[in-house]
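To find a chain, count down the sequence lines: A is the first, B the second, and so on, and within it residues start at 1.
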Amino acid sequence: MTGDTNIASVAALLADPTRVNILMALSDGRAFTANELSRLARVAPSTASGHLARLVDADLINVEKQGRHRFFRMKNPALTEVLEELATFAPAHSIHSLREAETGEAVRRARTCYNHVAGKLGVEITRALIRQSLLIELEDGYMLSREGERCFCDLGITEIHARKGQPIFAPRHIDWSERYYHFAGAPGAAFTRRMFELGWIKRIATSRALCVTETGQQALRQHFELQW
DNA sequence: GCGCCCAGTTACGCATTCCC
DNA sequence: GGGAATGCGTAACTGGGCGC
């Protein structure tokens, strides 16, 4: 080992498909019970419990006791970014059922990546914002233009309103499913939160997949000339 | 307070894989 | 081939919520 960090120990934890499934389920920032995570990872509760204990020990996830339930949550959003980056190198899963195919397609189409929209939807929104000169592409991310700030304020994104006048930088994430960038960071999170509040998007059951509502489709068309 | 139900953990045995 | 490591599921146990 070089330096004072043990990358191999974390890599070993990420080398197990069940643990990766659990972490991917937690990657949108929500908390899940051990039982829910065992179902999402398709293993027995005892197996999930063992994996969860190892992830807690490694300080990768937090656990909160609430009555007889224990809620597990990703500790550091940066781990989500690591998983998304790794996913861009990973070969596609082999599909064994129609349900798996549908779930995979839904996640690739639109999902949350910790706190912002990712997948095809995230990439298309980013492209639309650039087309309309609301986002300016930089070398390592994006900058909200004056028009972009106005647009975000008009949509009621209060965080942007509060910082009006200051340059607003949005880091970019490479999207593993689209192999293209989407905007993230505080502007991405604020934009996503507002989309939920306005009823433009909603979650599909317990998965991190999203669907765009009819209101959302109209709004995307109206505000960003984006056909969805 | 007691019994029942349910969520979660622990102990244990089995299967698989890897390394010598 | 055999031992070690790891992951899995079953069964048993623990702890908390809830109704009576």
Side-chain angles (χ1 to χ4, degrees), chain A residues 1-116 118-119 173-177 179 189 192-193 196-197 201-211:
Chain A
M1 188 181 81
T2 57
D4 59 353
T5 56
N6 188 351
I7 294 172
S9 66
V10 177
L13 284 169
L14 298 182
D16 180 79
T18 303
R19 283 194 290 273
V20 169
N21 282 340
I22 288 172
L23 290 172
M24 289 303 265
L26 294 172
S27 67
D28 66 359
R30 285 183 296 166
F32 287 89
T33 64
N35 209 5
E36 287 170 333
L37 290 169
S38 74
R39 279 199 301 274
L40 290 168
R42 297 192 189 88
V43 290
S46 61
T47 302
S49 179
H51 287 304
L52 287 166
R54 291 184 64 177
L55 293 170
V56 170
D57 281 347
D59 228 17
L60 297 183
I61 60 174
N62 274 332
V63 57
E64 288 171 41
K65 282 186 83 169
Q66 209 170 93
R68 61 184 174 184
H69 294 280
R70 302 184 81 191
F71 285 91
F72 296 88
R73 190 191 297 276
M74 191 81 88
K75 189 160 189 177
N76 189 341
L79 181 57
T80 302
E81 293 170 28
V82 171
L83 289 170
E84 292 270 335
E85 292 277 349
L86 283 174
T88 62
F89 297 100
H93 269 306
S94 48
I95 302 296
H96 300 102
S97 67
L98 179 61
R99 176 180 289 210
E100 268 187 54
E102 285 173 348
T103 306
E105 175 55 29
V107 167
R108 278 189 292 277
R109 190 167 163 75
R111 66 180 178 279
T112 45
C113 171
Y114 203 77
N115 55 10
H116 58 269
H173 283 178
I174 182 109
D175 198 288
W176 61 262
S177 52
R179 315 282 160 152
T192 302
R193 188 163 52 248
F196 274 115
E197 287 169 0
I201 52 175
K202 60 182 184 184
R203 293 192 188 282
I204 299 176
T206 55
S207 103
R208 62 191 188 123
L210 300 171
C211 76

Is there a side-chain contact between A:Arg70 and the phosphate of C:dG15, meaning an N or O under 4.0 Å from OP1 or OP2? no
Could you state the CG-C1' distance from A:Asn35 to C:dG17, rounded to the nearest angstrom? 16 Å
Record whether the side chain of A:Ser46 comes under 3.5 Å of the base of C:dT10 through a donor-acceptor pair of N or O atoms. yes
CD of A:Glu64 versus P of C:dG16: gap in Å, rounded? 17 Å
List in chain and number order the residues that pass salt bridge (Lys or Arg N to Asp or Glu O under 4.0 Å) with A:Lys75, two or more places apart in sequence or in another chain; answer none if no residue qualifies. A:Asp59
Just by distance, with hydrogens left out, do A:Thr112 and A:Arg203 show a side-chain donor and acceptor under 3.5 Å apart? yes
Does a side-chain heavy-atom distance below 4.5 Å link A:Leu52 with A:Leu37? yes
If we ignore hydrogens and angles and just use 3.5 Å, is the side chain of A:Arg19 paired with the main-chain N or O of A:His51 as donor and acceptor? no
Considering only nitrogen or oxygen atoms on both sides, find all protein atoms under 3.5 Å from nucleotides 5-8 of chain C and state each distance.
unit_1, atom_1, unit_2, atom_2, d
C:dG7, OP1, A:Arg19, NH1, 3.4
C:dG7, OP1, A:Arg19, NH2, 3.0
C:dG7, OP2, A:Arg54, NH1, 2.6
C:dC8, OP1, A:Thr18, OG1, 2.6
C:dC8, OP2, A:His51, NE2, 2.3

Under 3.5 Å, side chain of A:His116 to main-chain N/O of A:Cys113, donor-acceptor pair present? yes
Indicate yes or no: at least one non-hydrogen side-chain atom of A:Thr80 is less than 4.5 angstrom from one of A:Met74. yes
In B/S/- notation, 5' to 3', how is nucleotides 14-19 of chain B contacted by protein heavy atoms closer than 4.0 Å? ------
Which residue in the set A:Thr33, A:Val56, A:Ile22, A:Asn62 passes side-chain contact (heavy atoms from CB on, under 4.5 Å) when paired with A:Phe72? A:Val56
With side chains defined as the heavy atoms from C-beta onward, is the minimum distance between A:Leu23 and A:Leu83 less than 4.5 Å? yes
In whole angstrom, what separates A:His69's NE2 from B:dA7's C1'? 7 Å
